[in-house]
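Since the structure comes first, as structure tokens, the remarks are kept for the end.
The sequence lines fix the lettering, A, B, ..., with proteins before strands; numbering per chain opens at 1. Every value quoted in this text rests on a predicted model; they were computed, and no experiment measured them.
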Number of protein chains: 2
Amino acid sequence: MSIEHSILAVISFQPSTGYDIKGEFEHKAAGLYWGLSYGSLYPKLKKLEEEGFIVTIESESEGRRKKLYELTAKGWEELDSWLSKNPAPPSIKDELFMKMAAWHREMDLNLLSDHIKERRKEAVELLDYIRKWKQNNTSFINDVGMLAIRYAELKLEAELQWADESILAIENDEMPAGQDPYNLGEKQLERRRMAWKKDH
Amino acid sequence: MSIEHSILAVISFQPSTGYDIKGEFEHKAAGLYWGLSYGSLYPKLKKLEEEGFIVTIESESEGRRKKLYELTAKGWEELDSWLSKNPAPPSIKDELFMKMAAWHREMDLNLLSDHIKERRKEAVELLDYIRKWKQNNTSFINDVGMLAIRYAELKLEAELQWADESILAIENDEMPAGQDPYNLGEKQLERRRMAWKKDH
DNA sequence: TTCCGCATGTAATCTGTTACATGATTAC
DNA sequence: GTAATCATGTAACAGATTACATGCGGAA
């Protein structure tokens, strides 16, 4: 039920429309927590209203069709109870990690270093965005929020450090030594050759 | 199609059964890349075989029913092509981050520090697991794989550092200053009180 | 002989996205 | 006047999980 709670969290900052909420997930969050699409957002808002966690406090204002949602007492209680519960461990899906784990001897290392450079670029951009955000004098960020931003910053700095180290290692051919007790690396090459012969 | 590729990647290490693959995602990966359930694994293996990326090389061996899958030439090609493509940016879903962003003045900070301590504990365990893994002399890890492990290590170390910093900050009441240009913090408390009065 | 690990699979369900449909307001 | 942004919503589809169903082999 985590997405529903995130919606309650966004509304807790200030009464918001579905559109506002989507924006909050798109920009502020940029890569730090997950996004959501209108296709799931609007049905969920409807459900949260039916269940009494939120209410529409404004509708069809100034000729323009819009619904501003606000938390009810029940909504605040639910938010507090969610905040109190131990958060689930982070779930990370990192294709770069998977690809490195699967990288094999016949793959060009320059390709990998391109991937890492690209990742580095993304990290620099995000880091830049976050650093501006925390002193833009526009967003509401309380002291705990600052701790959260520091969390994101440290992780990105670690990513950057790793990227620099790794690019250097690849370019200077100073890769760390692996381990291969059953000689699977050699067997892998052999299996590849076999597959090739068989299928061609 | 990323999960399918991860399956090909696991088989590339050595011919594997569905059960083996599940295990690889469960243990080795522990929090570093995503898991998958039998409910999606077996249908995908079937599909990959139908499409000619993998073949069954052994079946019903030693009386026991089992299927060992191996990559075909087409499978190796698909794997190489996937490795060559720029990996998608990592997707992170971190409830702790969301909760901190939503933390408000009426919430007890000791609860938050408990959450962070729990997170710290998880990070220590994972770090310990990874450090043992990279010198267990049992797993096949090549030089690029070592780079991947270093990646995970650095991120976990950053997490640890942040946790220590943050717990200290909370306990010594030395929280970083936030920003609140529109005084939303005060308004939030007022909105809470209003909701309470209205609904009770 | 009973439990645990190995091993495969399906059906119901849940959760979310993409693409589509609609329309008002605002900035250029 | 026209493009971008604000704004809400649905239907078809994609993707994955949970729970269930089955059964062998080895260890205690």
Could you run down the sub-3.5 Å N/O contacts of the protein with nucleotides 9-14 of chain D?
residue	atom	partner	partner atom	Å
D:dG9	OP1	A:K67	NZ	3.0

So if I take residues 10-19 of chain B and measure heavy-atom distances to DNA chain C, which residues fall below 4.0 Å?
B:T17, B:G18, B:Y19

Between [N] atom [atom2] and [X] atom [atom1], what is the distance in whole Å?
{"X": "A:L45", "N": "D:dT8", "atom1": "CG", "atom2": "C1'", "answer": "10 Å"}
{"X": "B:K22", "N": "D:dT17", "atom1": "NZ", "atom2": "C1'", "answer": "11 Å"}
{"X": "A:E49", "N": "D:dT8", "atom1": "CD", "atom2": "C1'", "answer": "13 Å"}

Are A:L126 and A:W133 linked, directly or through other ILVMFWY residues, by side chains that come within less than 4.5 angstrom of each other?
yes

Are side-chain N/O atoms of [X] and [Y] paired as donor and acceptor at under 3.5 Å?
{"X": "A:E157", "Y": "A:Q161", "value": "no"}
{"X": "A:N110", "Y": "A:E171", "value": "no"}
{"X": "A:S16", "Y": "A:E24", "value": "no"}
{"X": "B:T17", "Y": "B:D20", "value": "yes"}
{"X": "A:S12", "Y": "A:W76", "value": "no"}

Is it the case that A:K99 places NZ or CZ above or below the six-membered ring of B:W82, under 6.0 angstrom from the centre and within 45 degrees of the axis?
yes

Ring of B:Y38, cation from B:K22 - is the NZ or CZ under 6.0 Å from the centre and inside 45° of the axis?
yes

Axis deviation across the helix from C:dT1-D:dA28 to C:dC28-D:dG1, five-pair ends, to the nearest 10°:
30°

When you measure from the side chain of B:S37, which nucleotide among D:dA7, D:dT17, C:dT8 comes out closest?
D:dT17

Identified side chain to side chain contact (heavy atoms under 4.5 Å, CB included) partner of B:Y69 from the options B:L45, B:I57, B:L8:
B:L45

Work out which heavy atom in A:F13 is nearest to a heavy atom in B:A102; give both atom names and the distance.
CE2-CA, 3.9 Å

Regarding B:K44, tell me which of base, sugar-phosphate or nothing describes its non-hydrogen contacts under 4.0 Å with the strands shown.
sugar-phosphate

